[in-house]
Amino acid sequence: MTLPTTCPRCGGAVRRGDVAGQGVYLNWIPEGESVGWTTLGKEHLATGSVVRPPLLPAVRCGTCGLGVFEA
């Protein structure tokens, strides 16, 4: 999948960037589930290291705030 060049919600301009984690993993936590004390066993969307955080390529609409990422 290619990231959109315009916002799929409002048609506004999007800006490219990354969704970044602060630890070794960036995880997907479905609605209704809690993170708990640890994210072990959760779905890892990206993996980083001690020297590089996990990153996901993304775009974000400056008009409505919708973000789209590629995992």
Side-chain angles (χ1 to χ4, degrees):
M1 179 183 127
T2 306
L3 290 171
T5 55
T6 59
C7 178
R9 180 189 291 159
C10 74
V14 295
R15 186 172 181 187
R16 294 190 70 86
D18 295 293
V19 175
Q22 284 191 313
V24 177
Y25 300 112
L26 185 63
N27 298 293
W28 171 249
I29 312 297
E31 185 176 22
E33 287 188 21
S34 67
V35 175
W37 290 97
T38 178
T39 57
L40 292 175
K42 302 296 183 185
E43 181 182 357
H44 300 316
L45 298 179
T47 303
S49 70
V50 175
V51 295
R52 186 191 64 79
L55 300 172
L56 290 178
V59 294
R60 184 173 176 270
C61 178
T63 303
C64 73
L66 178 69
V68 178
F69 64 87
E70 207 172 338

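Computed over heavy atoms, backbone and side chain alike; hydrogens, waters and symmetry mates excluded.
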Could you tabulate the donor-acceptor pairs under 3.5 Å formed by side-chain atoms of residues 11-20, not counting sequence neighbours?
none

Side-chain atoms of residues 45-57: list all donor-acceptor pairs with protein atoms under 3.5 Å, sequence neighbours left out, distances to 0.1 Å.
from: S49; atom 1: OG; to: V51; atom 2: N; distance (Å): 3.3
from: S49; atom 1: OG; to: R52; atom 2: N; distance (Å): 3.2
from: R52; atom 1: NH2; to: T47; atom 2: O; distance (Å): 3.1

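By the side-chain contact (heavy atoms from CB on, under 4.5 Å) test, R9 is found to be paired with C7, C64, L66, residues two or more places apart in sequence or in another chain being considered. With sequence neighbours excluded, the residues satisfying side-chain contact (heavy atoms from CB on, under 4.5 Å) with T63 are C10, C61.
The two residues V68 and L3 make their nearest non-hydrogen contact at O-CD2, 3.9 Å.
Hydrophobic cluster of Y25: the remaining members, joined at side-chain heavy-atom separations below 4.5 Å, are V24, listed by chain and number.
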